[in-house]
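First comes the structure, then the notes that go with it.
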Number of protein chains: 2
Amino acid sequence: MAATIKDIARRAGVSTATVSKVLNRKDSVIGDETRQKVLSLARELNYTPNSLARSLVTRKSHVIGIIVPDILNPYFTELVRSCDDAARLRGYTTLVCNSEGIAEIETAHLTSFGGHRVDGILLAASDVVPDTELLDALRIPVVCMDREIGPLAQLVGIVDTDYRSGAYQATRHLIEKGHTRIAFLSGAPHRSNTQIRLSGYKDALSEAGIAFDPDLIRCKEFQHRFGHQATLDLLDHTSFSAICCMNDMLAIGAMVALRERGKRVPEDCAVIGFDNIYLSPLLEHPLSTVDRRIAHSGRVATDALIDFLDDADRTLTAVTITPTVVSRTTT
Amino acid sequence: MAATIKDIARRAGVSTATVSKVLNRKDSVIGDETRQKVLSLARELNYTPNSLARSLVTRKSHVIGIIVPDILNPYFTELVRSCDDAARLRGYTTLVCNSEGIAEIETAHLTSFGGHRVDGILLAASDVVPDTELLDALRIPVVCMDREIGPLAQLVGIVDTDYRSGAYQATRHLIEKGHTRIAFLSGAPHRSNTQIRLSGYKDALSEAGIAFDPDLIRCKEFQHRFGHQATLDLLDHTSFSAICCMNDMLAIGAMVALRERGKRVPEDCAVIGFDNIYLSPLLEHPLSTVDRRIAHSGRVATDALIDFLDDADRTLTAVTITPTVVSRTTT
DNA sequence: CTGAAAGCGCTAACAA
DNA sequence: TTGTTAGCGCTTTCAG
């Protein structure tokens with residue numbers, strides 16, 4: 001059995017209260033020899049405080065719950081990694097859950113966060129509509145990491161990306177390269193996630209005097225499989241010389257489809273992505289994309305949450321990241 | 001404040017013990033109306049058990065600690081994801097930590113696992129030599145996920161991959177394609193991880209009557225940057241027609257270097273990887289590689305651990321995964 | 001400067 | 001069938 005504060009107290013001939021004080025650096029009032037005795041005993045017994053017991057009384061778990069749709073998606077892998085790094089730097093541990101983009105699963109995770117008494121929640125809702133009632137009932141501070149969500153009492157931060165601008169820039173980039181028939185791939189069609197991006201796409205088109213053609217639009221989900229499938233479908237039903245993908249995995253899927261059909265990138269068809277995941281420069285054709293500063297946004301979100309938790313900043317933090325085009329070889 | 005068992009007890013006019021019994025399905029002995037009253041009250045008050053308190057008394061946290069070098073590496077992303085899935089299926093939660101491949105960091109995480117009273121540990125030690133003394137002192141069951149580690153009292157499972165066979169098969173695959181000058185890229189040279197693979201490589205060569213040439217060997221770390229750098233270096237200093245990479249990220253890095261130097265894959269130089277990460281078929285040149293059943297191994301490791309924890313199987317589980325070559329377009 | 005006592009929310013015998 | 005009691009390991013007033 002692991003040593004407890006009691007073991008130390010007994011051997012040191014002091015009370016557990018004293019040991020606790022020493023161990024928590026609340027020892028300004030503690031005698032020097034007592035402190036030394038306790039400290040050396042702690043080392044000797046290989047003492048590690050039981051954080052369950054500690055959290056129970058302090059009502060602070062120093063754990064942050066993170067929800068993402070799927071950590072396998074490189075975008076979320078990077079996001080989670082940067083959140084975790086930022087959290088550890090400030091003494092917090094991270095509990096990561098995958099919602100699969102399914103509201104019920106997200107809800108279950110949120111409930112479990114409540115049970116584990118996490119101090120705060122970092123939420124990448126993506127395409128799912130979170131149960132805001134639950135979120136409110138939980139009374140746990142929340143920071144949204146990828147988009148706004150409905151009104152929420154416990155919302156203490158939003159790290160938003162200017163998707164409209166990103167999509168606009170991507171489209172414009174393609175237009176400047178001379179394309180006029182530009183296909184558009186994105187996630188769930190009715191979600192703001194997609195609608196906002198679509199508006200940026202349309203803005204760029206109309207600005208250039210190009211008519212919007214709904215036949216060029218394919219919206220369903222943010223996964224490479226869909227990028228692949230949609231591109232094949234596009235190839236079969238219409239003509240175009242560029243694809244504007246609303247994330248990099250979609251772009252990767254699109255390029256696979258293009259290759260299968262013998263199309264060269266960018267000669268026969270240009271491709272641009274969105275996110276700038278760390279893989280995009282490593283592809284055989286390094287991917288042109290829209291950089292959204294993934295690691296930075298994770299860090300900012302985490303810091304905002306912890307600032308709030310640690311009482312450093314009790315106001316709502318709202319940060320909007322303006323993405324920028326990174327032109328590589330696929331456009 | 002979240003409702004507690006006490007709140008329910010008071011309103012239901014019963015004792016907390018009774019409430020606890022109902023809520024834990026130890027209610028075979030509980031009166032029907034009492035049960036109903038408690039259950040409906042629990043729902044009404046939106047009761048969620050405090051798992052900290054529960055774990056403190058039951059001495060079971062239902063949390064499993066996972067250590068990997070870096071979750072950004074797709075191999076570990078997949079591994080962690082499959083462990084997490086398997087764990088949740090059995091009622092466990094997962095606490096994931098990145099060791100960065102640095103022993104001190106791994107040690108810090110292990111210590112923190114002790115503090116959090118995790119029930120078991122899933123360890124992907126990779127190139128780091130774990131502090132087996134600490135591990136023993138912790139008295140927490142451990143399953144190794146990618147290789148064996150030294151003698152360990154608390155070791156309850158090993159999921160090993162037959163690296164020798166994998167490297168042998170990869171090399172042989174290349175030889176069968178007509179290559180004789182085959183470069184070899186791997187991680188830390190003095191680690192078993194690399195040495196075992198190297199022996200497979202050598203076996204295949206000697207079997208084919210090809211002399212081993214140390215100039216073709218580059219071992220340092222398992223990251224794409226090194227794959228890139230090593231390939232450039234190889235290109236500058238020797239000649240070869242194939243590269244045998246001991247993980248897929250190395251292969252991706254190598255292919256970038258090859259492209260930069262105007263070499264075509266596989267015409268000018270064949271490349272084979274190791275791991276079969278989910279990205280490898282998605283590359284522009286789908287990567288030939290050695291499949292090691294990542295998700296399967298994570299599942300097996302997790303199940304072995306939980307079997308032990310749940311008392312279903314108190315013997316040491318030792319599984320060796322035999323990898324197989326997947327031939328795609330780069331060889 | 002140190003200790004006694006209470007209690008965080010829950011479970012687990014043992015009584016009743 | 002239900003309640004009483006004790007206690008998990010720790011922190012935190014409040015006395016001494």
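Predicted, not measured: the structure shown is a model, and the values here were computed from it. First the proteins, then the strands, lettered A, B, ... as listed; each starts at 1.
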Provide, to the nearest angstrom, the distance between the [atom1] atom belonging to [X] and the [atom2] atom belonging to [N].
X     : N      : atom1 : atom2 : result
A:L23 : D:dT11 : CG    : P     : 7 Å
A:R10 : C:dT2  : CZ    : P     : 19 Å
A:I8  : D:dC10 : CD1   : C1'   : 12 Å
A:D7  : D:dC8  : CG    : P     : 11 Å
A:R54 : C:dG9  : CZ    : P     : 18 Å
B:K6  : C:dC10 : NZ    : P     : 10 Å
B:L56 : D:dG9  : CG    : C1'   : 6 Å
A:I5  : C:dA4  : CD1   : P     : 14 Å

Practice prompt. Starting at OH of A:Y278, measure out to OG1 of A:T77 and round the result to the nearest 0.5 Å.
Written response: 6.5 Å
Fill in: CZ-OG distance between B:R299 and B:S82, expressed to the nearest 0.5 angstrom
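Result: 6.5 Å between the selected atoms.
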Under 4.0 Å: is that the gap between some side-chain N or O of [X] and OP1 or OP2 of [N]?
X     : N     : result
B:T34 : D:dT2 : yes
B:N50 : C:dC8 : no
A:T16 : D:dG9 : no
B:T4  : C:dG9 : no
A:K21 : C:dG3 : no
B:S15 : D:dG3 : yes
A:R59 : C:dG9 : yes

Discussion item. Tell me whether the count of non-hydrogen atoms from other residues, nucleotides or ligands lying under 6.0 Å of CZ in B:R314 goes above 12.
Written reply: yes
Worksheet item: Is it the case that more than 12 heavy atoms not belonging to B:R293 sit under 6.0 Å from its CZ atom?
Response: no
Worksheet item: B:G115 near the nucleic acid: base, sugar-phosphate alone, or nothing, with a heavy-atom cut-off under 4.0 Å?
Response: nothing
Fill in: Residue whose nearest DNA chain D nucleotide is more 5′ - B:V57 or B:A17
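The residue mapped nearer the 5' terminus is B:A17.
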Worksheet item: If each of B:V14 and A:Y47 is mapped to the nucleotide of DNA chain D with the nearest heavy atom, which maps nearer the 5' terminus, i.e. the 5' end?
Response: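 Comparing both residues, the 5'-ward one is B:V14.
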Discussion item. For A:A53 and A:T18, find the nucleotide of DNA chain C closest to each by heavy atoms; which residue's nucleotide sits nearer the 5' end?
Written reply: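 The answer here is A:T18.
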Worksheet entry | Donor-acceptor pair between A:Y92 and A:D84 side chains, under 3.5 angstrom | no
